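Notes follow the structure.
Just so you know, ligand 1 is whichever comes first in the structure, and atom 1 is the first atom listed for that ligand. Keep in mind it's a predicted model, so treat the numbers as computed, not measured. These values consider heavy atoms only, across backbone and side chains, with no hydrogens, waters or symmetry-generated copies.
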Amino acid sequence: MYKKVLVAIDGSEPSNNALDHAVEIATKFKAKLTMIAVIQRVMIPIFPDEGFGGVPLSAAKDMAQYQDKMRLVYQNVLEEAQAKIKEEHPDLEVEAILKEGRPSAIITDYAENDGVDLIVMGSRGIGGYTGWILGSTSRKVVDSCTRPILIVK
Ligand SMILES: Nc1ncnc2c1ncn2[C@@H]1O[C@H](COP(=O)(O)OP(=O)(O)OP(=O)(O)O)[C@@H](O)[C@H]1O
Ligand SMILES: [Mg+2]
């Protein structure tokens with residue numbers, strides 16, 4: 001039933017739990033496991049009355065720094081996860097993908113275009129807790145994706 005399982009990783013505890021479930025399911029079904037992490041683009045607010053020069057420029061630098069840092073963090077998270085899986089489940093076919101953009105859109109597009117049979121995600125992620133049971137990424141993917149989804153708390 002499941003030949004290709006996609007798990008979305010953002011380094012949070014729910015996403016680690018999602019990874020555990022995805023590994024177990026992929027192993028049981030002898031499916032291929034794809035881990036995806038998305039470096040989120042940060043939006044910068046521009047205040048016209050404070051001038052277009054200084055504020056956006058320094059903010060743009062911070063943004064680039066943030067994205068560089070997130071790239072390293074996610075590369076690390078994916079490599080560590082891959083090494084652990086290879087050790088514990090040597091027969092499981094596993095790949096890691098690192099992309100940049102809007103996480104919900106990238107996850108949805110990947111799942112739709114690559115014939116993913118099951119998406120596994122955490123209910124929440126690294127974003128601050130807002131009182132919602134689901135974070136905005138998992139909410140948007142549930143909303144817009146036609147593939148089956150398993151949400152793990
Ligand atoms: N950048 C990302 N790359 C890959 N997967 C992600 C990313 N962000 C979130 N996810 C997936 O979505 C799940 C839910 O995270 P989500 O972003 O919806 O919640 P949140 O961070 O708590 O809230 P919000 O982002 O709305 O502040 C995560 O456990 C993870 O599986
Ligand atoms: Mg989030």
Which of the ligand 1 atoms, numbered from 1, are nearer than 4.0 Å to a heavy atom of [X]:
X	value
I36	4 (C)
S12	29 (O)
I9	3 (N), 4 (C), 5 (N)
I126	21 (O)
I107	5 (N)
S136	18 (O), 23 (O), 24 (P), 25 (O), 26 (O)

Is atom [atom1] of [X] surrounded by more than 12 heavy atoms (other residues, nucleotides or ligands) closer than 6.0 Å?
X	atom1	value
K86	NZ	yes
E13	CD	no
K4	NZ	yes
I133	CD1	no

Looking at [atom], what's its closest protein heavy atom, distance included?
atom	answer
atom 13 (C) of ligand 1	G122 O, 3.1 Å
atom 17 (O) of ligand 1	T137 OG1, 2.6 Å
atom 7 (C) of ligand 1	D10 CB, 3.4 Å
atom 27 (O) of ligand 1	G127 CA, 3.5 Å
atom 12 (O) of ligand 1	M121 CE, 3.2 Å

Would you check whether [X] has a nitrogen or oxygen atom less than 3.5 angstrom from a nitrogen or oxygen atom of ligand 1?
X	answer
G125	yes
P103	no
S123	no
V38	yes
A8	yes

Is there a donor-acceptor contact under 3.5 Å from the side chain of [X] to the main chain of [Y]?
X	Y	answer
E112	T146	yes
S138	S123	yes
R124	W132	yes
N17	V152	no

Check: Evaluating non-hydrogen atoms only, which member of R124, M70, Q40 is closest to atom 29 (O) of ligand 1?
Finding: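 Going through R124, M70, Q40 one by one, R124 has the nearest heavy atom to atom 29 (O) of ligand 1.
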Check: Does even one non-hydrogen atom of S138 get within less than 4.0 Å of ligand 1?
Finding: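 Under 4.0 Å: yes for S138.
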Notebook entry, point to check: Could you state the interatomic distance from CG (L92) to CD (Q82), rounded to the nearest 0.5 Å?
Noted result: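 That separation rounds to 10.0 Å.
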Note to self: Quick check for you: to the nearest 0.5 Å, what is the distance between D114 atom CG and K32 atom NZ?
What the structure shows: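 Going from the CG atom of D114 to the NZ atom of K32 covers 8.0 Å.
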Note to self: Under 3.5 Å, is there a donor on one side chain and an acceptor on the other for S104 and R139?
What the structure shows: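 Not at all, the side chains of S104 and R139 share no donor-acceptor pair under 3.5 Å.
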